[in-house]
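Below you'll find the structure, written out as structure tokens, and then a few comments.
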Amino acid sequence: MNLLDDLNPEQLAAVTLPDEPALILAGAGSGKTRVLTTRIAWLIQNGRVGPAGVLAVTFTNKAAREMLSRIESMLPINPRGMWIGTFHGLCNRLLRAHHRDANLPPTFQILDVQDQLSSIKRLVKAGNVDEERCPPRDLQYFINGAKESGQRAAQISGAGHDKLWVELYAAYDAQCQKEGSVDFAELLLRSVELLTRHEALREHYQHRFRHILVDEFQDTNTLQYRWLKLLAGKSGPIFAVGDDDQSIYRFRGANVGNMADFQREYNVQHVIKLEQNYRSHGNILDAANQLIGNNTRRMGKRLWTDAGAGEPLRLFEAGSDGLEAAWIVDEVRDQHRQGARLSEIAILYRANAQSRVIEHALFNAGLSYRVYGGLRFFERAEVKHALAYLRLIANTDDDVSFARIINFPARGIGARSVEQLQSAARAAGSSLFAAIATVDGRAAASFAQFAVLINGLRENAPHMSLSDLVSETLERTGLTNHYRNERDGADRVENLAELVNAAAGFVVEADPGAPAPAPEAGPAEASPAMVEHDLLHAFLAHAALEAGDNQASQGQDALQLMTVHAAKGLEFDTVFLTGLEEGLFPHENSLSEADGLEEERRLMYVAITRARKRLNLSFAQSRMLHGQTRYGMRSRFVEELPEKSVKALTPRLRGGFATAAQGGWPAMGSGAAPRAEVPGAAGAAGAADTHGLRIGQGVRHAKFGDGVVVRLQGSGNDARAQINFGSFGVKELLLTVAKLQPV
DNA sequence: GGAGACTGCGTTTTT
DNA sequence: CGCAGTCTCC
């Protein structure tokens, strides 16, 4: 079968573009991955490029794997010569190959978010910095933000309060350098600096990579785009695939502007729009199109389908979040009875906190479900402890790991002793591990014993298989025993056993990429801190870069619960989109940010376009959030859907509502919090003079439009009501004055 | 050193 | 409300 069979004209055009910079605007469900992979296969099949000349980059390991396996199925070649991976994975590869030029030890460790935070905490403590003035989390955010915009501490002009932060940024980098560790943003920045500085290397790769393909281009940040440009060179053929309407990661640095910049900087001649959707029925697409049409800054795109209109969207108004969940349970049961697989049904929500109520209802109904998001395998505490031991074995300079396990399992080394060790290390300019020999406090013996333990493992390590080394480490450090003796430790013991399995099954993919011009630096001296065990080093990098699955109870047919963000790129026959309330979706916090509402709308667009056949929308009059019951109005996004595509399952209890673009769902906690009555029950304060109003009732105000009664208090001339006017916020009105009409 | 009380906080998240 | 992180006391 020909590669190009069954492609539509636009897909075909994209796949067979000449070797020029190109931008593909690929709408949801338009066959984006297919175009990307077929493009690569076509280029190779037609001899336009060899596998080694291809670089394809994605954001997630999952997407990279998917791409690889699809290419494998299309071509009878071993795709290992290609550089296909995540930005971070490819940077890791680059830096390992050129560690000397990048000024890194050959076995540098990768810090994940937690590691980075504890590293920063250590730094802040050591520097006697007031943690109030400099919360480690904020500093972490600051450092990552700076790195992602390509700035080193020296390049930031820090004045006043910022000065301390900039200093700490510099100190953090120095600490990482000393310990031989690299955080996620550093992988990118270091690579960019390497390529910028090292002309021969840059030219080597620019010559090598004849085709650079980028997935989800709208999600790239400034630094990632710079990285691409360095590898591509002036005219390099970058094949960028993206969808500005699905840009939902601005909050973590993604810059949609890269699409326009790319178009301009490379004078892109070919912008191809993929607008035919192969996923959803017409009503669903109509809803998506109409909704996203409310955004102003778009590149412009309109999805269409050959499929029929299908069923209308269904809209359900629930009295409370609990009732919303109960409705979902009923609907799911119906569908299940009619033969739908649970795994083809997704329940989506804006924020993770919303899942609890739904989980509760599903659990009681005996419906199996799987929640995405949450701790993943390599992020679990017990696994991280085990990895910390392995990392210390691999490299005794790794202070992050040292600090994590020096007293875990407990071996009588308290905080004071560790502090002593830390100042000793600082004074000597050595690692914590090396400083052990210099301390003579009361914990000296414990420290020495720890050193013996680690050194013993280090001596044996080079002669052991990886899995033997892991299991030996787990036993000799007492880690497994520690959890065996813990009441609820069974799961953790199991995870540790799983780690041994993972080690046993770990094979390093040899790096076939012709690595680079000969380095000009002197001989690489292996630091005595490093243990020789290539597989171990590769395994540790793998663990950091690929955190593994969440709780994968795969194989079982289960409902899929996740945030809308997590659902991006996925599709389901049936989707329940829940919590469509002002303040929640769009989220109140987004309204104060520039472009915040539009990003929320894009998020809604992503949510809608996940559904193939059935899309159920729901919202609740009241919702328990942060321990308080909040009364919300239905989301403006519901109003933005085409009426003819939406079927309301519940009578409209309240009239239309205010559409002002400002305001939101102000925290009602300020002042008096409404009590948690069920809407429709009698008013709150016992003696309240209600003027015929009830909590949860809809009312209309001349100026503020429609709202919901949130609280009633006082009586006589002092009778007041708090009313949530959606985008106008919550107002407290005197009932003797305000002209309120029930609706 | 560790269990239990106490405080504060609470979008979205991959690598 | 539910949690994570900190503090206190044994």
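Chain identifiers are assigned alphabetically (A, B, ...) following the order of the sequence lines, protein sequences preceding nucleic acid strands; residue numbering begins at 1 within each chain.
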**Prompt:** Are the ring centres of His565(A) and Phe251(A) closer than 6.0 Å?
**Reply:**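 For His565(A) and Phe251(A), the ring centres are under 6.0 Å apart.
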Margin query: Just checking Phe87(A) against Tyr225(A), ring centres under 6.0 Å apart?
Written below: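 No.
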Notebook entry, point to check: Taking the chi torsion of dT12(B), is it syn (within 90° of 0) or anti (everything else)?
Noted result: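 Anti, angle beyond 90° from zero.
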Across the strands shown, which category fits [X] at heavy-atom distances under 4.0 angstrom: base, sugar-phosphate, nothing?
X	result
Phe251(A)	base
Ile413(A)	sugar-phosphate
Arg356(A)	sugar-phosphate
Glu216(A)	nothing
Val564(A)	nothing
Asp219(A)	nothing
Asn352(A)	sugar-phosphate
Glu593(A)	base

Distance, rounded to the nearest Å, where [X] contributes [atom1] and [N] contributes [atom2]:
X	N	atom1	atom2	answer
Lys568(A)	dT13(B)	NZ	P	12 Å
Arg65(A)	dT15(B)	CZ	C1'	13 Å
His88(A)	dT13(B)	NE2	C1'	12 Å
Lys121(A)	dG5(C)	NZ	C1'	8 Å
Tyr372(A)	dT14(B)	OH	C1'	16 Å
Leu375(A)	dT13(B)	CG	C1'	13 Å
Arg137(A)	dC9(B)	CZ	P	13 Å
Leu584(A)	dT11(B)	CG	P	10 Å

Distance check, [atom1] atoms only: [N] and [M], in whole angstrom units.
N	M	atom1	result
dT14(B)	dC3(C)	C1'	23 Å
dT12(B)	dG5(C)	C1'	23 Å
dT11(B)	dT6(C)	C1'	25 Å

Check your understanding: By centroid distance (under 5.5 Å) and plane angle (under 30°), are His565(A) and dT12(B) in a stacked arrangement?
Key ->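 Here His565(A) fails the 5.5 Å or the 30° condition.
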Decide, applying a 5.5 Å centre-distance limit and a 30° plane-angle limit (both strict), whether Tyr249(A) stacks on dT14(B).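 Per 5.5 Å and 30° rule: no stacking.
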Between Phe378(A) and His542(A), what is the ring plane arrangement, given parallel below 30°, perpendicular above 60°, and tilted in between?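 Ring orientation, 0 to 90° scale: perpendicular.
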Q) Crowded around Arg416(A) CZ? As in, over 12 foreign heavy atoms under 6.0 Å? A)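 Result for CZ/Arg416(A): open.
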query: Does CD belonging to Glu66(A) count more than 12 external heavy atoms closer than 6.0 Å?
result: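 Enclosed.
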If you only use heavy atoms from C-beta on, which nucleotide in [options] is closest to the side chain of [X]?
X	options	result
Ala351(A)	dT15(B), dC1(C), dT11(B)	dT11(B)
Arg350(A)	dT12(B), dT15(B), dC1(C)	dT12(B)
Ala410(A)	dT11(B), dG1(B), dT15(B)	dG1(B)
Met624(A)	dT11(B), dC1(C), dT15(B)	dC1(C)

Any side-chain N or O of Thr563(A) less than 4.0 Å from the OP1 or OP2 oxygen of dT13(B)?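 For dT13(B), OP1/OP2 do have a side-chain N/O of Thr563(A) under 4.0 Å.
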| Is any side-chain N or O of His626(A) closer than 4.0 Å to OP1 or OP2 of dT11(B)? |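 Answer is yes, contact under 4.0 Å.
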Worksheet item: Is it true that the side chains of Gln116(A) and Gln140(A) contain a donor and an acceptor less than 3.5 Å apart?
Response: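 Looking only at side-chain atoms, Gln140(A) and Gln116(A) do form a donor-acceptor pair, the distance falling under 3.5 Å.
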- Item | Whichever of Arg411(A) and Glu546(A) has its nearest DNA chain B nucleotide further upstream toward 5' |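 Whichever sits nearer the 5' end wins; that is Arg411(A).
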Asn407(A) or Thr60(A), whichever maps to the more 5' nucleotide of DNA chain B: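 Result: Asn407(A).
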task: Look at the side chain of Arg350(A) and the backbone N and O of Val564(A), then say whether any donor-acceptor pair between them is shorter than 3.5 Å.
output: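 Not at all, since once roles are kept as given, no pair shorter than 3.5 Å links the two residues.
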